[in-house]
Amino acid sequence: MTAERIVYMDHSATTATDPAVVDAMIPWFSKGYGNPSSLYRIARESKTAVEKARSQVATALGAQPDEIYFTSGGTEADNWAIKGIAFANRKKGNHIITSAIEHHAVLHTCEYLEKQGFSVTYLPVDETGQVRISDLKDAITDQTILVTIMFANNEIGTIEPIAEIGKICRERGVYFHTDAVQAIGNVAIDVVAMQIDLLSLSAHKFYGPKGIGALYIRKSVRIDNLLHGGGQEKRKRAGTENIPGIVGLGLAIERAIARMDEQNKRVSALRDRMLDGILKNIPNTRLNGHPKERLPGNLNVSFDFIEGESMLLLLDHFGICASTGSACTSGSLEPSHVLLATGLPAETAHGSLRLTLGAENTDEDVDYVLEQLQKVVIRLREMSPLYADHKKRSCNV
Ligand SMILES: *Cc1c(COP(=O)(O)O)cnc(C)c1O
């Protein structure tokens, strides 16, 4: 039996493109196909559309339009920021600071740079998933050229103390990059007030299309190119522009910011009701991440005695889309590096479920997921030898 009903609670993996955004993109596939670098009317129209989107992104961040560069997504923006700063500033120093809970687009880039002779400090986090400011202060040396710490975590939803980190980096003369892919549309961002030098974003995480993102680079930041080729994006990012994607990104970010307060209120209320229901109805469960400083739609819960992967399979059977660990690591049995960094034992990390709520979720969705999840957990625990042991032990005392 396959469920008719689909309840999508994996908004941190990706989101459905807003129909208004799709509508705005469509003409740029057909009539508006001109290459913005060419010198005739349909090319100029493409160029105007790109510049409009650049302003929309700049406005959303409190940046200037000429500080916004379009990329193929969050992964490219992270790679560009980190490698670009490292290679342009290696005469100044070879030390980079990041956190243990970054997305792989940041972590694997840092690991690559270690092979190229850079030295990287991976800051630990506390049990809520936040970096400690004192650890950051202690880690900065006269060799440090870059601090890259995410705005909000994709697995546990924890929001990092970005303004404090920005202040310290500016005081110490170190560039500060933040992967804000999960934060856009969920947290108010002002790159000037928060003293951010570089910021990555990706449209498909806020109801825009996949395969398009941007990097904010503050004026005067010294950065190398990642891609070499044509002179697009003021000679900083080669490749013919993805016009429909860029138009979609511009409108999606404008709409995400416009509805942010109202949507956050609604989604966090649904999320809180779901959490209360889980903790009340299912014993031996706990919330992972920060109790308050977290993304409005994020719920990450550990269920003792069972495997997250088995939960996902059964939930999928009921039409519920969720994840365990992160989307990139699910399918492998490696426990999430994020949950381990918050101090969870590997077996607890294995039994974690991430439900990320978003724009289209309703009260009925929450009721449905609560009902199915309770059944799934009971069924899996009945089959779990660990749970049988636990029951035996609790009877003996
Ligand atoms: C999704 C995600 C990325 C990668 O973005 P893509 O556009 O899919 O390449 C990077 N960082 C974080 C925190 C993410 O959630």
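Computed over heavy atoms, backbone and side chain alike; hydrogens, waters and symmetry mates excluded. Please read all numbers here as calculations on a predicted model, not as lab measurements. Atoms within each ligand, like the ligands themselves, are counted from 1 in listed order. Position 1 is the first residue of the sequence, and the numbers go up from there.
Contact check on Asp126 versus Arg132 returns no salt bridge, with no Lys/Arg side-chain nitrogen under 4.0 Å from an Asp/Glu carboxylate oxygen. Between Arg41 and Glu45, at least one side-chain N (NZ, or NE/NH1/NH2) sits under 4.0 Å from a carboxylate O, which counts as a salt bridge. With respect to Asp66 and Arg54, no salt bridge is recorded, no charged nitrogen being found less than 4.0 Å from a carboxylate O. A salt bridge between Arg273 and Asp367 is present, with a side-chain N of the basic residue lying under 4.0 Å from a carboxylate O of the acidic one.
Distances below 4.0 Å separate heavy atoms of Gly73 from the following atoms of ligand 1: 7 (O). The contact set between ligand 1 and Asn154, taken as ligand atoms under 4.0 Å from a residue heavy atom, comprises 13 (C), 15 (O). Shown in contact with His204 at under 4.0 Å from a heavy atom are these atoms of ligand 1, numbered in order with element: 6 (P), 7 (O), 8 (O). Atoms of ligand 1 found under 4.0 Å from any heavy atom of Gln182 (numbered from 1 in listed order, with element): 13 (C), 14 (C), 15 (O).
The shortest N/O to N/O separation between Gly74 and ligand 1 falls below 3.5 Å. Of the N or O atoms in Asp179, one or more lie within a sub-3.5 Å distance of an N or O in ligand 1.
The cationic atom of Lys391 (NZ for Lys, CZ for Arg) does not lie both less than 6.0 Å from the six-membered ring centre of Phe305 and within 45° of the ring axis.
In summary, the side chains of Ser323 and Arg354 do present a donor paired with an acceptor at a separation below 3.5 Å, with no hydrogens or angles considered.
Of the protein's non-hydrogen atoms, His103 NE2, 3.5 Å is the one closest to atom 3 (C) of ligand 1. When only non-hydrogen protein atoms are considered, atom 7 (O) of ligand 1 lies nearest to Ser202 OG, 2.6 Å. From the protein, the heavy atom lying nearest to atom 4 (C) of ligand 1 is Thr75 OG1, 3.6 Å.
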Any chance you could lay out the ring pair (Phe, Tyr, Trp, His ring centres under 6.0 Å) test for Tyr33 and Trp28, step after step, and finish with the verdict?
CA-CA 6 Å; Tyr33 57 84; Trp28 300 101; over 10 Å; no

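Nearest-heavy-atom check against atom 14 (C) of ligand 1 across Lys205, Glu76, Glu155 picks out Lys205.
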